[in-house]
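Report on one structure; see the data block that follows.
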Protein chains: 2
Amino acid sequence: MTATARTPGGRGRRAARSTGDDRQLAILATAERLLAQRPFGEISVDDLARGAGISRPTFYFYFPSKDAVLLTLLDRVTEEADAAAGDVLVRLAEDPRARWRELIHRFHETFGAHRAVVRACAEVRGTNAEVRRLWAAVLERWVQAVEAAVVAERRRGAAPDGLPARDLAIALTSMNERVWYATFAADGPAVAERDVVDVLLDVWLTSVYRGAVPPAG
Amino acid sequence: MTATARTPGGRGRRAARSTGDDRQLAILATAERLLAQRPFGEISVDDLARGAGISRPTFYFYFPSKDAVLLTLLDRVTEEADAAAGDVLVRLAEDPRARWRELIHRFHETFGAHRAVVRACAEVRGTNAEVRRLWAAVLERWVQAVEAAVVAERRRGAAPDGLPARDLAIALTSMNERVWYATFAADGPAVAERDVVDVLLDVWLTSVYRGAVPPAG
DNA sequence: AGTGGAATCGACACGGTGTCGAGGTAGTAG
DNA sequence: CTACTACCTCGACACCGTGTCGATTCCACT
C-alpha cells in the first residue's frame with residue numbers, strides 16, 4: 001500500500017508508483033487555473049490535457065471524465081472546510097456569539113479561497129448527479145452539526161424553543177449557501193463580501209435566540 | 001400589429017399570422033411535459049421537435065435554440081408569480097404576520113405548481129447567461145419590494161432597527177429560493193413541503209421584528 | 001395562373017466526447 | 001544484454017447533438 005489508492009473516492013485511475021502522479025496533479029492544477037478564467041462548461045477535455053502537457057486520449061488514463069476532475073477538486077475543498085470548522089460548535093457555550101461567528105467566518109474564508117471551484121460545482125450540480133450527491137452529503141453533515149448545537153443551546157436554557165431544530169438548521173444553512181454563492185459569483189442580488197459574515201450571523205442569532213442575548217455558560 | 005410580436009422578449013421567431021402559432025405552443029407544451037419526466041440536459045432539440053410533430057430544422061424556425069424555449073417558459077412562471085404576489089406588501093400594516101405569510105405562501109404555490117420549470121432553470125443557470133440574467137432580475141425585484149416593506153415597518157415603529165434593510169432582504173430572499181429548491185427538487189437536506197411556508201415565515205418574522213410581536217397598524 | 005412569403009425538411013459541417021488498438025519506454029529478472 | 005511486463009502515450013475512429021443552407025411545398029391574395 002505504498003502509493004496505491006491515492007485519490008479520495010477512487011476518482012482517478014492511477015494505482016501505480018512514479019511519474020504518472022505528476023500528470024494527475026498537473027491536470028488538477030490546470031483545471032483550477034482555467035476555472036479561474038472561464039466557466040467549467042467552456043473548458044474541454046482537450047484544454048485540460050494540453051494544459052497538463054498530454055494528449056486528449058491520455059487524459060482518460062488519469063480521469064474517467066472531465067467531471068471527475070471537478071469532483072476531486074470538490075473533495076479537497078470540502079475536506080478543508082470541515083477541518084476549518086473543527087470543533088467550534090461543541091465549544092458554543094463558552095461565548096455563543098463569538099463561536100457562531102467563528103463558524104460562519106471560517107466557512108466564508110474557505111469557500112472564498114476556492115470560489116472558482118465552488119462556482120463550477122454550482123454550474124454542474126444541475127447536470128451531474130455525482131456532484132449533487134457529494135454536495136448534498138456535505139450540507140447534510142453541516143445541518144446535523146447545527147441542529148445538534150441548537151438542541152444543546154435550548155437544553156442549557158440559552159435558546160428558547162421554537163421551530164424544530166432540524167428545520168431551522170436547514171433554513172439557515174441554505175441561506176448561507178445561496179448568499180455566499182451570490183456574493184462570490186456575483187450572481188443576482190448580493191451582499192458585499194465585507195459584510196456578508198455579519199449579515200448572516202445576525203439572522204442566525206435572532207432566529208436561534210429569538211431576540212434574547214445569548215448568555216455564556 | 002394584429003398578430004406580431006407575440007412572445008414577451010421576442011424569444012420566438014414568429015411574426016406571422018396563422019397556423020404556425022399552434023406549433024410554437026406545441027413546442028412549449030412538449031417542453032413542459034418532457035421536463036416533468038427528465039432533466040433539461042437530457043432533452044434534445046430533436047425530442048422537442050418530434051413532440052411537436054415537426055422536424056429538427058423546423059424547430060429552429062420557431063425558436064433560436066433549446067434554451068430559448070426554457071426562457072419563454074420561465075417568463076410565464078415569473079409573470080404568474082408577480083401577479084400572485086400582487087400588493088400584499090403594501091397592505092402589511094393591516095396584519096403583518098398574516099400578510100407576510102400570504103406573500104410567502106403565494107410564491108410557494110406558484111413555484112410549486114411549476115417545479116419542473118424551476119428545476120430546469122436552476123439546472124441551466126450555470127450554463128446560460130440569459131437565464132441567469134432573467135432570474136437575477138426577478139430576484140432583484142423581489143428584494144426591492146421586501147426592502148421597502150422592512151423600511152416601512154421600521155418607520156411606523158413596528159420593527160426595530162437592525163441590519164441594513166437591503167442586506168436583510170437579500171438574505172431572506174436567498175434563503176427562500178434555496179430552501180424551496182431543495183424541497184421541490186429533493187436536492188440536499190430539505191424541509192417537508194407541508195411545513196416549508198411556516199418554517200420560512202418564522203425566520204422572516206424573528207429577523208425582521210427581532211422577537212417582538214409585530215403589531216397591526 | 002401567378003407571385004411572395006410562410007413553413008418544412010434533407011443534407012451538411014462542426015465540435016466535443018469517449019474508445020480501441022498499436023505503439024513506446026523503463027525497470028526487473030533471468 | 002535479452003525479454004518480459006506493466007505503465008504510459010497517442011492517432012484514428014465512431015458517435016451524438018447543435019445549428020445552418022438551400023431546395024421545396026403550401027397557401028393566400030392578387
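Chain A is the first sequence line, chain B the second, and so forth, proteins listed ahead of strands; every chain is numbered from 1. If you're wondering where the values come from, they're calculated on a predicted model, not measured in any experiment.
Contact check for A:Ile43 versus A:Leu48: side-chain heavy atoms found under the 4.5 Å cut-off. At least one side-chain heavy atom of A:Tyr209 sits less than 4.5 Å from a side-chain heavy atom of A:Trp100. When side chains are defined from C-beta on, B:Phe61 does not count as touching B:Arg23, because their heavy atoms never get closer than 4.5 Å.
Considering only the side chain of A:Pro57, D:dC10 comes nearest among D:dG19, C:dT17, D:dC10. When each of C:dC9, C:dA7, D:dT18 is scored by its nearest atom to the side-chain atoms of B:Lys66, the top-ranked nucleotide is D:dT18.
A close approach under 4.0 Å does occur between a side-chain nitrogen or oxygen of A:Tyr62 and OP1 or OP2 of D:dT9. The side chain of B:Arg56 places no N or O atom within less than 4.0 Å of a non-bridging phosphate oxygen (OP1 or OP2) of C:dT8. Applying the 4.0 Å criterion to OP1 and OP2 of D:dC10, one finds that A:Thr58 has a side-chain N or O inside that range.
Side chain of B:Glu147 to main chain of B:Ala165: no donor-acceptor pair is present (N/O by atom type, distance under 3.5 Å, no hydrogens or angles).
Between A:Asp198 and A:Arg101 there is a salt bridge, since at least one side-chain N of the basic residue sits less than 4.0 Å from a carboxylate O of the acidic one. Under a 4.0 Å N-O distance rule, the pair B:Glu109/B:Arg106 does not qualify as a salt bridge. The pair B:Lys66-B:Glu42 fails the salt-bridge criterion, with no side-chain N (NZ, NE, NH1 or NH2) lying under 4.0 Å from an Asp/Glu carboxylate O.
Under the side-chain hydrogen bond (donor to acceptor under 3.5 Å, both in side chains) criterion, B:His108 pairs with B:Trp180, sequence neighbours left out.
Near DNA chain D, meaning a heavy atom under 4.0 Å away, there are no residues from residues 33-51 of chain A.
Atoms CZ (B:Phe63) and C1' (D:dT18) sit 17 Å apart, rounded to a whole Å. The OH-P distance, from B:Tyr60 to D:dG17, rounds to 12 Å in whole Å.
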Write down the protein N/O and nucleotide N/O pairs, taken from nucleotides 21-23 of chain C, whose separation is under 3.5 Å; answer none if there are no such pairs.
none

